[in-house]
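Report on the structure given below.
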Amino acid sequence: MPELPEVETVRRGLEPVMEGARFESVEARRSDLRWPLPGDFAARLEGQTVTGLGRRAKYLLVDLSSGEVLLMHLGMSGSFRVLHDGAARKPGSYHHEKPQHATHDHVVFHMSNGAWIAFNDPRRFGSMKLVPRDALEQEPLLRTLGPEPLGNEFHAAMLACACHGKKTSLKAALSDQRVAAGLGNIYVCEALHRARLSPKRRASTIATRTGEPNERARALVQGIRDVLSDAIRAGGSSLRDHKRTDGELGLFQHQFAVYDREDQRCPRRGCGGTIKRIVQTGRSTFFCPVCQR
Ligand SMILES: [Zn+2]
């Protein structure tokens, strides 16, 4: 499933073709993705100009001149493809496309600048929803999310406070979207390795008895920020389904220190440990038992 860096990569790919452009026509080729699309989905988008393209956790937020926001989630297998070919501007003209691709193009945006943006989602766990801008804070999909891990509200004191008194593992605590929004299995494993902290460690041990952050909390915040920034720079990780909007693959999987590297040598200089895989709350955790304590 795409995590924050993959969604941010998609946002950066869409921004230059969407921002400032108008939805000329919208094809909704199915009435549902994960959930039903609004009945008047196309009509509420057509004629609207995109005034901004943001991201919250794993959601893309397309600000419209109508005052509504188009909320989009990639689900498990969703991707966007941008085409600029003039011939492709005509709705339904796919002659240059691979047919197996086109069958899963469920929504196509035709923008006023000639760009043609197809949302492809074979497994259909993705979603699109229109929400009034001023109701965004009450939106159930966003309301419970914790701070953005690359934003100013995410810091050692906040993280220590969120983990204070928690008996759960550090891995489970960090995977909780109320603690850090947009983090998932891959980047939690990688961040813990960077911070030299064991995923099995009790979450409460990054805080003092009174809930103040200790050295571990600071190392963890740094590890999370670094791994996310590096991954965004590399265009995200290409595992299974993540593609950039230009069809190119993200490259961060080549920089994984622990994720999906069971039995391989820990890349930390001088460590000499071997990466182990364990299962925590139903998901694989990868870590180095030598340098992560
Ligand atoms: Zn190690």
Side-chain angles (χ1 to χ4, degrees), residues 1-6 8-9 146 148-150 154-164 166-177 179-208 212-240 242 249-293:
M1 182 183 277
E3 299 180 32
L4 189 155
E6 288 74 46
E8 179 60 22
T9 300
E148 283 292 318
L150 290 173
F154 186 76
H155 44 68
M158 171 270 145
L159 193 58
C161 184
C163 291
H164 178 52
K166 270 201 179 153
K167 291 188 177 125
T168 156
S169 69
L170 212 40
K171 166 82 185 306
L174 291 178
S175 304
D176 184 340
Q177 297 300 297
V179 173
L183 279 186
N185 210 31
I186 295 176
Y187 297 105
V188 169
C189 291
E190 292 295 317
L192 285 167
H193 182 264
R194 291 193 183 207
R196 297 174 172 249
L197 294 172
S198 168
K200 298 189 283 186
R201 171 181 279 283
R202 251 169 108 147
S204 60
T205 61
I206 66 162
T208 64
E212 299 297 315
N214 60 24
E215 271 315 303
R216 297 183 195 112
R218 284 185 278 274
L220 196 48
V221 165
Q222 198 58 51
I224 290 168
R225 286 179 173 275
D226 288 350
V227 77
L228 293 176
S229 307
D230 289 351
I232 290 169
R233 210 170 298 126
S237 304
S238 301
L239 294 173
R240 300 168 204 99
H242 170 64
L249 298 172
L251 295 171
F252 191 69
Q253 68 280 10
H254 301 303
Q255 295 179 47
F256 287 163
V258 288
Y259 188 80
D260 215 11
R261 296 192 70 240
E262 188 180 12
D263 295 333
Q264 294 184 51
R265 219 183 146 117
C266 173
R268 195 188 305 284
R269 200 173 297 167
C271 171
T274 301
I275 308 304
K276 265 184 78 171
R277 186 184 77 92
I278 56 171
V279 175
Q280 288 179 297
T281 53
R283 309 286 308 271
S284 286
T285 298
F286 299 89
F287 73 110
C288 171
V290 175
C291 65
Q292 290 180 253
R293 291 308 180 97

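Index from 1, following the sequence. Note that ligands are numbered from 1 as they come in the structure, with each ligand's atoms numbered from 1 the same way.
For Arg194, the side chain to side chain contact (heavy atoms under 4.5 Å, CB included) test picks out Asp226, Val227, Asp230, Phe252, with sequence neighbours left out. Scanning for side chain to side chain contact (heavy atoms under 4.5 Å, CB included) contacts around Ser284 gives Arg277, Phe286, with sequence neighbours left out. In this structure Ser204 satisfies the side chain to side chain contact (heavy atoms under 4.5 Å, CB included) test together with Arg202, sequence neighbours excluded.
In this structure, the side chains of Leu150 and Ile224 stay at 4.5 Å or more apart for every pair of heavy atoms. Side-chain atoms of Leu228 and Pro149, non-hydrogen and from C-beta on, do get closer than 4.5 Å to each other.
For the Zn ion (ligand 1), the tally of protein N/O/S atoms lying closer than 2.8 Å stands at 4.
Between the Glu3 side chain and the Asn185 main chain, a donor and an acceptor come within less than 3.5 Å of each other.
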